[in-house]
Amino acid sequence: MNKINTLKKSKEMSPINTINHPLFTKHKVEVFIKRDDLIHPIISGNKWRKLKYNISAARKMGKTQILSFGGAYSNHIHALAYACKINNIKAIGIIRGEQHYQHNFTLSWASHWSMTLQFVDRKTYKLRHNEEFLAQLQQKYPNAYIIPEGGSNHLALPGVGEVITELNEQLEYDYLLTPVGSGGTLAGLINADQNQHKLLGIAVLKQDGYLTDEVNQLLAAHASNFENWEILNQFHRGGYGKYKTADTERILQFSQQAGVPFEPVYSGKMLLAFLDLLAQGYFQAGAKIVLLHTGGLQGLGGMAERGLLNADQWPIPAHAPNC
Ligand SMILES: Cc1ncc(COP(=O)(O)O)c(C=O)c1O
């Protein structure tokens with residue numbers, strides 16, 4: 001299994017798959033999926049990309065701990081716990097919610113990989129970007145390198161940017177689509193792409209444009225003028241983590257036809273947005289479109305546990321405790 005700090009030195013790339021579907025033939029487009037979900041069985045997708053240079057930075061600074069923030073089902077917390085374990089760094093997760101969440105799919109794995117979980121109420125969690133609060137945490141954990149929620153900071157950008165480097169070696173394309181939660185992934189893609197392709201971010205949560213500001217803020221340190229990107233806000237399907245039965249049925253049906261696993265919070269929402277855009281005639285005939293699979297399949301474990309989807313139909317990951 002790859003250690004997160006060794007991938008950098010290798011020539012490994014996540015695969016790119018062609019997906020065929022009658023709709024694509026009808027609209028005369030070619031569709032590909034960049035399988036970042038396959039980078040690593042646990043630290044998959046954008047988590048690997050965003051953590052890579054953060055973990056190297058923590059090591060270079062001689063930090064022995066990494067502290068970060070997340071919800072009770074956070075993909076970031078799950079990935080960080082494992083990434084720290086294999087890099088011999090102590091992980092601390094500041095978790096929004098009550099102690100009883102410690103037994104859920106995501107957090108029981110995080111604990112299993114030795115992350116210390118500190119549960120905080122919503123009011124305290126809202127302070128996660130507050131400088132004073134962060135300074136207090138730093139004082140409490142002087143050996144900790146602090147990573148923001150979702151892993152979206154300036155060091156996430158070069159890691160995510162490697163998706164573009166890989167794609168440029170793998171194929172020619174016109175559009176790249178990615179789900180957007182906190183904006184770090186899209187910012188990393190924009191920064192590396194340098195206006196070569198049209199980048200479309202699909203907001204997976206309800207918001208009135210603050211994500212565009214977040215992305216611009218992450219890009220502010222980079223001198224270029226980035227214009228060839230956009231966040232589409234109309235595809236959240238009711239809000240973060242929300243979806244209708246009809247949505248999950250469409251995702252499942254497509255998954256089976258394409259032979260690619262999706263989940264309904266990030267990659268599935270991007271997929272549905274793409275299919276809707278296609279039906280609306282958004283893409284010109286002949287367009288080559290890449291969907292970035294950002295991983296997150298571990299989230300299916302918590303959804304099945306809460307009865308939010310049928311565990312028999314979805315590819316729930318079952319990680320062996322000793323992996
Ligand atoms: C699986 C998955 N895909 C996409 C995203 C969105 O990425 P970002 O927060 O960088 O916008 C997230 C959240 O970080 C995620 O967990």
Side-chain angles (χ1 to χ4, degrees), residues 4 36-37 39-55 58 63-122 124-129 133-134 137 140-141 144-153 155-156 159-160 179 181-185 204-205 240-241 263 265-267 294-306 308 316-319 321 323:
I4 200 161
D36 264 17
D37 56 312
I39 291 181
H40 185 281
I42 295 161
I43 318 164
S44 85
N46 63 348
K47 302 303 160 228
W48 176 288
R49 305 285 188 183
K50 292 202 268 187
L51 286 175
K52 188 172 153 183
Y53 292 106
N54 274 296
I55 294 209
K63 298 285 187 183
T64 54
Q65 302 174 322
I66 293 184
L67 179 149
S68 195
F69 307 84
Y73 298 95
S74 162
N75 293 320
H76 167 63
I77 288 292
H78 183 263
L80 178 65
Y82 193 77
C84 284
K85 180 184 165 61
I86 60 174
N87 281 284
N88 295 319
I89 297 173
K90 178 85 198 105
I92 301 151
I94 309 289
I95 311 296
R96 182 187 54 226
E98 296 92 40
Q99 190 86 21
H100 66 84
Y101 285 117
Q102 68 184 308
H103 301 298
N104 78 20
F105 183 93
T106 303
L107 297 183
S108 56
W109 280 110
S111 305
H112 178 80
W113 296 319
S114 309
M115 179 180 259
T116 299
L117 302 174
Q118 189 183 322
F119 291 88
V120 296
D121 59 28
R122 281 171 187 274
T124 310
Y125 192 81
K126 277 199 177 138
L127 297 172
R128 65 196 180 279
H129 303 299
F133 179 67
L134 290 170
L137 280 172
K140 185 170 171 194
Y141 300 103
Y145 175 87
I146 301 181
I147 301 180
E149 179 184 60
S152 290
N153 60 6
L155 280 181
V160 174
S182 61
T185 304
V204 299
L205 45 96
Y240 180 74
E263 47 68 50
V265 178
Y266 293 102
S267 56
T294 49
L297 296 170
Q298 76 80 29
L300 290 169
M303 285 176 235
E305 205 172 58
R306 285 172 285 164
L308 299 176
I316 315 286
H319 306 139
C323 57

Does the ring of Tyr125 carry Arg96 above it, NZ/CZ under 6.0 angstrom from centre and within 45° of its axis?
yes
CG of Leu51 to CG of Leu80, rounded to nearest 0.5 Å, is 5.5 Å
Reported OG-to-CD distance for the pair Ser74 and Gln298, which is rounded to 0.5 angstrom
7.5 Å
Any side-chain heavy-atom pair from Ile146 and Phe69 closer than 4.5 angstrom?
yes
Who are the side-chain contact (heavy atoms from CB on, under 4.5 Å) partners of Asn54, not counting sequence neighbours?
Tyr145, Ile147, Asn153, Leu155
Has the side chain of Ser44 got a donor or acceptor atom that lies under 3.5 Å from a matching backbone atom of Pro41?
no
Please examine the side chains of Phe119 and Ile94, heavy atoms only from C-beta on, and report whether any two atoms are closer than 4.5 Å.
no
Under the rule for side-chain hydrogen bond (donor to acceptor under 3.5 Å, both in side chains), what residues qualify as partners of Ser68, not counting sequence neighbours?
His76
Could you grab the distance from atom CG of Leu67 to atom CD1 of Ile89, nearest 0.5 Å is fine?
12.5 Å
When you compare the side chain of Tyr82 with that of Met115, does any pair of heavy atoms fall below 4.5 Å?
no
CD (Gln102) and CD (Glu98) are apart, to the nearest 0.5 Å, by 12.0 Å
Say whether Thr294 and Asn46, considering side chains only, have a donor N or O and an acceptor N or O under 3.5 Å apart.
no
Indicate the atoms forming the closest heavy-atom contact of Val204 with Gly181, along with that distance.
CG2-CA, 4.3 Å
Minimum-distance pair of heavy atoms, taken over all atoms of Ile55 and Ala83:
CD1-CB, 3.6 Å
Evaluate the ring planes of Trp113 and His78, with Trp represented by its six-membered ring, and classify them as parallel (under 30°), tilted (30 to 60°) or perpendicular (over 60°).
perpendicular
Any heavy-atom pair between the side chains of Leu137 and Ile92 that's under 4.5 Å?
no
For the residue pair Leu117 and Ala110, what are the closest heavy atoms and their distance?
CD2-CB, 4.4 Å
How about Lys90 and Thr116: does a side-chain donor come under 3.5 Å of a side-chain acceptor?
yes
State which residues pass side-chain contact (heavy atoms from CB on, under 4.5 Å) with Thr124; sequence neighbours excluded, sorted by chain then number.
Val120, Asp121, Phe133
NZ or CZ of Arg306 within 45° of Tyr73 ring axis and under 6.0 Å:
yes
Going through the checks in order, is the side chain to side chain contact (heavy atoms under 4.5 Å, CB included) test met by Leu134 and Arg128?
CA-CA 7 Å; Leu134 290 170; Arg128 65 196 180 279; 5.8 Å; no
Nearest-0.5 Å distance, CD of residue Glu263 to CD1 of residue Ile316
11.0 Å
Looking at CG of Asp37 and NZ of Lys47, how far apart are the two atoms once the value is rounded to the nearest 0.5 Å?
13.0 Å
Quick check: does any side chain N or O of Ser111 sit under 3.5 Å from a backbone N or O of Leu107, one acting as donor and the other as acceptor?
yes
Under the side chain to side chain donor-acceptor pair (under 3.5 Å) rule, what do Ser152 and Lys50 come out as? Steps first, then yes or no, please.
CA-CA 7 Å; Ser152 290; Lys50 292 202 268 187; 3.0 Å; yes
